[in-house]
Every structure is written in structure tokens, then in C-alpha cells.
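Note that this is a predicted model, so its numbers are computed, not measured. Numbers restart at 1 for each chain; the letters A, B, ... are given by sequence-line order, proteins then strands.
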2 protein chains.
Amino acid sequence: MFSYICGEQVLAKYMGTKEKIIEVSIELFSNNGYNGVSIRDITKLVGIRESSLYKHFKSKEEILDNIFEIFIQSYNQTNLTEEEIQVKVKQTDLLPFLRIAIENFFRDMETPILEKIFRILMNEQFRVEKARNIIINYLMHYPVSFYAFVFQEKLKDSFPDYILLAREFHYPVFAMVYEYSVAKINNGQLSEIKKQIFEHVDFYFNNILVNRQIPNIQL
Amino acid sequence: MFSYICGEQVLAKYMGTKEKIIEVSIELFSNNGYNGVSIRDITKLVGIRESSLYKHFKSKEEILDNIFEIFIQSYNQTNLTEEEIQVKVKQTDLLPFLRIAIENFFRDMETPILEKIFRILMNEQFRVEKARNIIINYLMHYPVSFYAFVFQEKLKDSFPDYILLAREFHYPVFAMVYEYSVAKINNGQLSEIKKQIFEHVDFYFNNILVNRQIPNIQL
DNA sequence: GTCTATACTCAGATAGAC
DNA sequence: GTCTATCTGAGTATAGAC
């Protein structure tokens, strides 16, 4: 979900007590929800007393906010400039480009920590404004802008509404990634959903993009 | 999300204390999450004491389960048999049929109670298995089966994979309905999202379905 | 920065009178 | 089926010794 093209995995490794608290909190929050986890639960797993936690975080809410910031930072670290995207787009044909983008999105999504933060975001989205804004902006709107830019570069002027084109491409992906993360908890058929995502990419390319091709444009 | 075609609104009206408890719980759970709401919060709003609540529900979890059952019952009440769908499909052209289906899905989604239960389902999905199964089965898989059946009826044998066709139609709708419900909390631009959903319907019809048309089939 | 000890509040749930 | 009263445990957070 971060490295559409470059595919890098940028997530800081944490080691101190503060970072252990974050790590344990991510684990517990993702399974039990923020309000289903107590400071005692966290400190017990970290191996410290409740009072010690307050040397690192002034409140439970601050822990949650730190977790959200990790997600945002991971995202921003792998963002490419328009110039960098342009170069990649020129180097690659559209179908493999889209496949790689999805594969990167997926691989990021499967990173244990980010996967858990995604669950926390989903869990708290209707209670915490920041959570829902992260999902909407970083997992829905930004990817749409990204693909809109890519389609614009590739298709030139053969279709006016690149945003619509991008939304049609990305929204099924978003829904299936969500489905995937739910299936994971249920020990469901993961490979089936993954297959469906790539079916979508091929279907989209064959049924929508090829119709937009104009004679002198190489998809 | 229930009455794809018939458009009926079937939701029982409740009046007794038990039903008041449900009503208040839906309100509170949807805003604060299950673990963010106490029995005291609920009984205070209902106007009874904590102990009285336990004459109606043996535990807090049982309240949540009742809420989920309301959602399932509302859903099942508006389900049509394959025969009924066949009749509707024959009576209506495909584009208006799809538009009506989306409008019904939307109108159900905007029913205050069901909208709140949807939020509760989203909130608790990673903690409560029943919640995530309801979302996956009733809001993703069933609609896909429904549209697959419709496309099969309309397109006959012009495209083999109706499930794929149906998924491509419904998954963007699911994502946008989700987006819509989030926008509602943020006081966001609702009409814009609604517009986008119908843009999707038209785009889908014009770019995907018309290509499947075979000479003697009336879309 | 960790600990012990504790304050204070609130949680879910029950007993028994009316 | 409502109430008062209460139990028991758990919640967040703090004070102060080491």
C-alpha cells in the first residue's frame, strides 16, 4: 500500500522499552480493539509495571496516536515524486506495471506490523477521526491519484476522466485487500482472493484499457 | 443492501424496554464501540437500573448478538428467490435494473438503524467473528451471487465468468458505500460520493457490458 | 527508568425487597 | 420487571522509594 512501484520495505526496527510498548500494543489492539486492551495487559506483556509505562507515554491515547504515526511515516517514506513515477511509467508496459503495483501493495499489506495497524485503523475508524482519515486518504484517495497520473501518462488524451478510470481500477483492489485481511483471521482461502485480485488486473486491462488505446500509444 | 430489487423497507418497530435497550445500544455502540460503552451508559439512557437490564439480556454480549440478528433478519426478509429475480430481470432493461439495485442498496444503507449496525459491524469485525462473517457474506458475497445470476440471465453465454463480472460490478460499490458511511461521520461531501457510484454504474455498463452483447439479446 | 503501593473510578453482574 | 444495595474485579493514572 506504500510502495506502488519501488517495492521497498521501509519500517524502522525498534528495540527499547518504548518501542516494545508500541510493538505489544499493536499486537493487542489489533486483536482486541483499543478499548478491549488495558494498560495492565500491555505492561504485563512488555514485562514492566503500569507506572513505568507513563514514563514513555503520558496516556493510553498517546500510544494509539504513535501507532497511527508509524503507519503514516511508512507510507510517506515510500512515496514517489511525479518525476520518479514518470520515469517508471516510461520504462514499463502498462500491464506489468499494474501487476507490480498490486504486488507491492499486497506485500506491504502483508507486513505483519502494517497488517495489524490496518486492522486497528479499521477497528477504531468510527470512533477516532484520525483513523478514518488515514484509511480514506492513504488507502483510497492517494492510490486513485497515483493511478490517475499513471493512466494520464500512458493513455494521453484518449479518455478524459482519469480519476474515474483510476477509481474503477483501485476500488475493487481496496475491497479485496480488505477481504483478504479478514480471510486471514478466519484462516480462510487466501490464495483464492489473491488470484481474484490479479484476475481483476487482467480483466481491467483487457476490457477497459485496451479500448482506450490510440494507434501510436504503446500500452 | 437488502432489497436490490423490490425496494421494500422491512424493519420491525420496537416499543418495549427490551427494544429500547437494543435501540440505545445500537446508538452507543456505533459511536463508541462495544468496549467503549458500559451497561451503565445504556441503562442510564434507557431510564432503568443496571440490574433491570439483566431481566432482558443475560449479558452485554447478548445485546450485541441481538443487534447482529436484526441486521441478518432485515437482510433475509428482503431476499428474493431466483424465480422472482428472473421475472424482474425479464421486465427491466439491464442499465435501469442496475441503477435501481444500487438505489435500493443505498437507501437501505441510509436507514438510520442499519447504518449504525453497519458501523458496529465494521468496528467489531476483527474482534468478533460473527461481525466479519456478516460483512463478508451479506455485503460482499451475496450481492456478487445476485449480480452473477442477473448477468447470466441477461447475457446468456456471451461471457463465461459471471462471478468475475459481478465482482467487478459490486466491489467498487462496496468500497464507495463504505466511503459514504465514513464521509457521513466527517460531514463530508455525500452527494459527490453518491454521484461517483452512479458514474460507476454507467461506466461499467458502457465499457464492459455492451461489449458482451450478442445480436439477439436485449440488454 | 524501574519498582511498590495505592488512589480513585468504573466495569459487569447479582441478591433480594417491592 | 423495576428498584436499592452491593460484590468483585478491572480500569487509568499517580506518588514516591530506589
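For A:Arg40, the side chain to side chain donor-acceptor pair (under 3.5 Å) partners are A:Glu50, not counting sequence neighbours. The ring pair (Phe, Tyr, Trp, His ring centres under 6.0 Å) search around A:Tyr54 returns none, not counting sequence neighbours. Judged as a ring pair (Phe, Tyr, Trp, His ring centres under 6.0 Å), and not counting sequence neighbours, A:Phe57 has no contacts. Remark: A:Phe174 pairs with B:Tyr178 by the ring pair (Phe, Tyr, Trp, His ring centres under 6.0 Å) rule, at least two apart or across chains. By the ring pair (Phe, Tyr, Trp, His ring centres under 6.0 Å) test, A:Phe126 pairs with no residue at all, sequence neighbours left out. A search for side chain to side chain donor-acceptor pair (under 3.5 Å) contacts involving A:Glu82 returns nothing, not counting sequence neighbours. Every side chain to side chain donor-acceptor pair (under 3.5 Å) that B:Glu27 has, sequence neighbours left out, goes to B:Asn31, B:Lys116. Checked against side chain to side chain donor-acceptor pair (under 3.5 Å), B:Lys130 has the following partners two or more places apart in sequence or in another chain: B:Asp65, B:Glu69.
Contacts with DNA chain D (heavy atom under 4.0 Å) in residues 120-129 of chain A: none are found.
Proximity of A:Leu95 to A:Arg99: side-chain heavy atoms (C-beta onward) are separated by under 4.5 Å at one or more points.
In the helix from C:dG1-D:dC18 to C:dC18-D:dG1, the rotation axis of the first five pairs and that of the last five pairs differ in direction by 0°, rounded to 10 degrees.
Using a 4.0 Å heavy-atom criterion, one finds that B:Gly47 contacts the sugar-phosphate atoms exclusively.
Separating the CD atom of A:Glu62 from the C1' atom of D:dT12 is a distance of 14 Å, rounded to the nearest angstrom. Distance B:Arg49 CZ to D:dC7 P: 17 Å, rounded to the nearest Å. Between B:Lys44 atom NZ and C:dC10 atom P there is a gap of 10 Å when expressed in whole angstrom units.
Shown are B:Phe205, B:Tyr204, B:Phe105; of these, the ring-ring contact (aromatic ring centres under 6.0 Å, His included) with B:Phe169 is made only by B:Tyr204.
Ranking D:dG1, D:dC3, C:dG1 by closeness to the B:His56 side chain, first place goes to D:dG1.
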Task: Under 4.0 Å protein heavy-atom contacts per nucleotide of nucleotides 11-18 of chain C, with B for base, S for backbone only and - for none - done: BBBBB---
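Pairs of residues two or more places apart, or lying in two chains, never qualify as salt bridge (Lys or Arg N to Asp or Glu O under 4.0 Å) while including a residue from residues 173-182 of chain B.
The shortest distance between the side-chain N/O atoms of A:Thr17 and the OP1/OP2 oxygens of C:dT2 is below 4.0 Å.
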